[in-house]
Number of protein chains: 4
Amino acid sequence: MTGPAKSVRAPRPRAAARPPAPAAVATAVKGAPRNAREARGRARREAILSAALDEFSARGFAAARLDDVARRAGIAKGTIYLYFADKESLFQELVRAMAAPLIANLEAFAGDDVPFASALERLVDLLLREVIGTRRKDVIRLIIAEGPRFPALAQFYHREVLERVMVSLRRLAQRAYERGEIRHRALVDFPQLLAAPVVVAIVWNGLFETIAPLDARALLQGHLDVILDRRSEP
Amino acid sequence: MTGPAKSVRAPRPRAAARPPAPAAVATAVKGAPRNAREARGRARREAILSAALDEFSARGFAAARLDDVARRAGIAKGTIYLYFADKESLFQELVRAMAAPLIANLEAFAGDDVPFASALERLVDLLLREVIGTRRKDVIRLIIAEGPRFPALAQFYHREVLERVMVSLRRLAQRAYERGEIRHRALVDFPQLLAAPVVVAIVWNGLFETIAPLDARALLQGHLDVILDRRSEP
Amino acid sequence: MTGPAKSVRAPRPRAAARPPAPAAVATAVKGAPRNAREARGRARREAILSAALDEFSARGFAAARLDDVARRAGIAKGTIYLYFADKESLFQELVRAMAAPLIANLEAFAGDDVPFASALERLVDLLLREVIGTRRKDVIRLIIAEGPRFPALAQFYHREVLERVMVSLRRLAQRAYERGEIRHRALVDFPQLLAAPVVVAIVWNGLFETIAPLDARALLQGHLDVILDRRSEP
Amino acid sequence: MTGPAKSVRAPRPRAAARPPAPAAVATAVKGAPRNAREARGRARREAILSAALDEFSARGFAAARLDDVARRAGIAKGTIYLYFADKESLFQELVRAMAAPLIANLEAFAGDDVPFASALERLVDLLLREVIGTRRKDVIRLIIAEGPRFPALAQFYHREVLERVMVSLRRLAQRAYERGEIRHRALVDFPQLLAAPVVVAIVWNGLFETIAPLDARALLQGHLDVILDRRSEP
DNA sequence: GATGAATGAGACTTCATTCAT
DNA sequence: GATGAATGAAGTCTCATTCAT
């Protein structure tokens, strides 16, 4: 009499439950009450996304239960459907929402004209602070784990995040090569080599954190030693 | 993800993956017939594992259906349970079975006394041929994706595979450092840095193979350029 | 007998039969709506228990299908699981629920100071009216049939029902013996002898009602003749 | 490609897997080898029935597994089908086989002309020795528990066993009444009253043997005290 | 005759999704 | 808007029965 469950395996496009962003501008129109309602709505949405990240990270997409997401967010199960069209939308919007603030800052770090070593040091800092040290690493884990089942999401992530990151890294490497700071073009052709240890750190600790944790900072510093061919103290 | 009911029965031991190996000697006694049955059993088991790898890779553990595994293996649903206790066991034994032949060869490659560059070249060849070019890469993807939900499996993989790989890589790097082939200890402290691009290649192509494939061979060669600080042609 | 699969999830507490009773007081606060929902819930629960009694009686625990229980209760299969953790819980709670109202009245009948014959006549009436004439006899049949597979249930029934019945019957017999209404202590030592024909009536009619029905009332009256050593009309 | 499972709930008549009894006469025809083969067959059949009684008693008809029956009988699962048409036939033949030797002796005990008290004492002895003290009590338990689902079996048991027992008990009671050994006709009208404590003992110990065992001998002796209105020692 | 691997219908349980309140 | 009871499709696992060896 009500309705059956949509299967995990036949993803169908759904109407986004809600316009991508309620636009802060509109809030001024009807003043406080409207504002309050919207603020409440945004907070709920955040709460759901946050809870969803926890649950999806802990169990994976298929095994995560919206019941648990709701409980963790402190709302009723049905409420999720006021904010997201379905489980899959929730997942995809989660990834997009976490990526959004990152995208804004992406092109920045390769812009200025500092020595390669300094740029890399700052990059490592940034990655440790903004990715590995935050829930963003969990999003990356999720994308790695679930991406193959969500081609649209993978494509989005590639286009909106990785492609831009690659462009910036490539520009960085290009300048370093031109200046003679590095002697090979490998990092220009494959900026992924610059980021590889970050992936390793995230994947490794996702699997082995409890049995053999990997010190991400030390790993990344070691990586810089290799790239910059720094001599170790004897 | 779902599963059958709590039974009234007293729990009894399950089809524990089958006795390790009925000893080739005994088979000679009664000859072919016994052998044939055993061979058939082994073949079935292989077929199930192969089908399972396909399905688990395509959908992930939770979303894969044993029905599909059976169909792909050309057997009936129930037959799976003659060879594996349940879905989880099938998954874990799949990973273990794929890891087994690898484990034997692991310590070999770091043994002899060749120049670092040659050793790395051979290592790259080995990885391309034996991992990235085979279904083993799919197993690694599976471990990365599902490992967090299967701590026992992650632990197994760490202990039986990665730990040994790390030891070998570390020995390699250690010798290279002592001979002055590299100037830094980073690769000794973090052999993961040597393997990082392999992880990246597997993860990247798992996600983006159709939209932006990454040439694993070129990537690994570039990585050697970086590590060995080779000069690029101008 | 069958049942779902061992899940990846961490096991979580189940729908533990529902909080004992939300306290009638609290319902007054928010009035009708809350009351209505609760009433509906209670009614559903009753309907499920009633349907379950029918199905378990007709087929036995193992062969009864929850599908049929649901259909008979006029609900969907899944709804059962909102009220009971699983098939076994449903069965056990069914027995407990049917026993509960009886337990309250159990100690009463042996309390007052009437002649043994009158007490027995009243007891016979009570048993015919409240047990043999109701579905309670079906519950007793179920316990006899399935009890050996549900030790916890058997224990519960012994402790909460039979033990109390036995105590009351023994007190009755004890008084009768002291007053000289009976000449032997057998009924004091084995109050089961007083109740034996009830068991026989239930078991007999459970098996042979259609081919050789046993008149329970006449049987019990005959039993009184024996116990009280009444002379038959010639 | 092979065959599905027959449901518990749509019992259909099957060809008896084998003529009721292999007739000892025929064995003489071909001499020893034939004899040996037949003996072996009979032994197998016995072993299966014995194992089946154990399993059916322990789990009930529906939950018992032929796999376990086979294992317990020391044979392969398929072998059961050489001796019995299906699970249901096995169950029914089990009950019939256990009843058979009893049936032969049933009319005997009421035949001779002894005092009622002596006849009852002998009857009690017989029941303790031949029923309660043997696996026959388990068969009775099985009939009580499963009979409602096997009308043909219930009918058989009523006709072949209980009806005859009732006739004999009634004759006994009739004579006792005529001789003035008892003053009431209740036992003539309801011979079940004579047997009631046996049923109680079997049912009670089936349920509560571990938590509150009932001394069957003492119970039956007490019953005689009641029936014969014997005075207890003060 | 005996075996036991294989089959596949069937039953329990889960959970995404809906909708009356 | 929010709730959470209800739905029912879907998936795992079991086991009676068959049949090639």
Side-chain angles (χ1 to χ4, degrees), chain A residues 1-9 37 40-41 44 62-68 70 75-82 85-88, chain B residues 1-7 9 14 33-34 36-37 40-41 44 62-68 70 75-83 85-88, chain C residues 1-7 9 14 33 36-37 40-41 44 62-68 70 75-83 85-88, chain D residues 1-9 37 40-41 44 62-68 70 75-83 85-88:
Chain A
M1 213 168 290
T2 46
K6 198 180 67 169
S7 167
V8 177
R9 80 187 54 76
R37 176 169 289 194
R40 186 178 157 76
R44 270 227 191 312
R65 280 176 305 193
L66 293 189
D67 234 346
D68 291 337
I75 59 169
K77 196 170 16 164
T79 304
I80 293 175
Y81 288 85
L82 297 175
D86 55 19
K87 191 185 185 185
E88 196 176 318
Chain B
M1 180 129 341
T2 53
K6 193 172 58 172
S7 169
R9 310 173 181 311
R14 295 309 211 72
R34 169 122 200 162
R37 182 167 277 196
R40 188 178 156 78
R44 274 247 197 289
R65 287 173 305 195
L66 292 188
D67 237 349
D68 291 338
I75 58 169
K77 213 177 352 167
T79 304
I80 294 175
Y81 291 87
L82 296 176
Y83 294 87
D86 53 19
K87 193 185 184 183
E88 194 173 321
Chain C
M1 183 129 346
T2 53
K6 192 173 57 172
S7 170
R9 316 174 176 308
R14 296 310 211 69
R37 182 167 276 196
R40 188 178 157 77
R44 273 248 197 290
R65 287 173 305 196
L66 292 188
D67 237 349
D68 291 337
I75 58 171
K77 216 177 347 168
T79 304
I80 293 175
Y81 290 86
L82 296 176
Y83 294 88
D86 55 18
K87 192 185 184 184
E88 194 173 319
Chain D
M1 211 166 291
T2 48
K6 200 180 66 171
S7 165
V8 176
R9 78 190 57 75
R37 175 170 288 195
R40 185 176 157 78
R44 270 223 190 316
R65 281 175 306 193
L66 293 189
D67 235 346
D68 291 338
I75 57 169
K77 195 167 24 159
T79 305
I80 294 175
Y81 288 85
L82 297 174
Y83 293 88
D86 55 20
K87 192 186 186 186
E88 195 176 317

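Just so it is clear: chains get the letters A, B, ... in the order the sequence lines come, proteins before strands, and each one is counted from 1. Quick note: numbers below take in every heavy atom, side chains included, and nothing from hydrogens, waters or symmetry partners.
- Spacing between atom CG of C/L82 and atom C1' of F/dT3 amounts to 14 Å, rounded to whole angstrom units.
- Looking at DNA chain E, the stems built from 3 or more consecutive Watson-Crick or G-U wobble pairs, each pair with its key distances under 3.5 Å, are E:2-21 with F:2-21.
- Nearest heavy-atom pair, C/A62 versus C/K87, reported as atom, atom and distance to 0.1 Å: O-NZ, 3.1 Å.
- What separates CZ of B/R40 from P of F/dA20 is a distance of 11 Å, to the nearest Å.
- Shortest non-hydrogen contact noted between D/Y81 and D/L66 is OH-CD1, 3.3 Å.
- Nucleotide E/dT7 holds its C1' atom 13 Å from the CG atom of B/D67, rounded to whole Å.
- An OP1 or OP2 oxygen of F/dG4 is reached within less than 4.0 angstrom by no side-chain nitrogen or oxygen of A/K77.
- Each of A/T79 and C/A76 was assigned the nucleotide of DNA chain F with the nearest heavy atom; the assignment lying further toward the 5' end belongs to A/T79.
- For the pair B/K87 NZ and F/dC13 P, the computed distance is 8 Å after rounding to whole Å.
- Note that CD1 of B/I80 and CD1 of B/I75 are 5.0 Å apart. Values are rounded to the nearest 0.5 Å.
- When distances are taken from the side chain of C/L66 to each of E/dG8, F/dA16, E/dC12, the shortest belongs to E/dC12.
- Rounded to an integer number of Å, the gap from A/Y81 OH to F/dG4 C1' is 13 Å.
- Residue D/D86 contributes atom CG, which lies 11 Å from atom P of F/dA16 at whole-angstrom precision.
- Residue D/I75 is classed as a sugar-phosphate contact, given heavy-atom separations below 4.0 Å to backbone atoms only.
- One atom, CG of D/D68, and another, C1' of F/dT14, lie 12 Å apart when rounded to the nearest Å.
- Taking 4.0 angstrom as the limit, C/Y83 places none of its side-chain polar atoms (N or O) nearer than this to OP1 or OP2 of F/dA5.
- Atom CD1 of A/I80 and atom P of F/dG4 are 12 Å apart (whole Å).
- Between A/R44 and F/dA2 there is a side-chain N or O to OP1 or OP2 distance below 4.0 Å.
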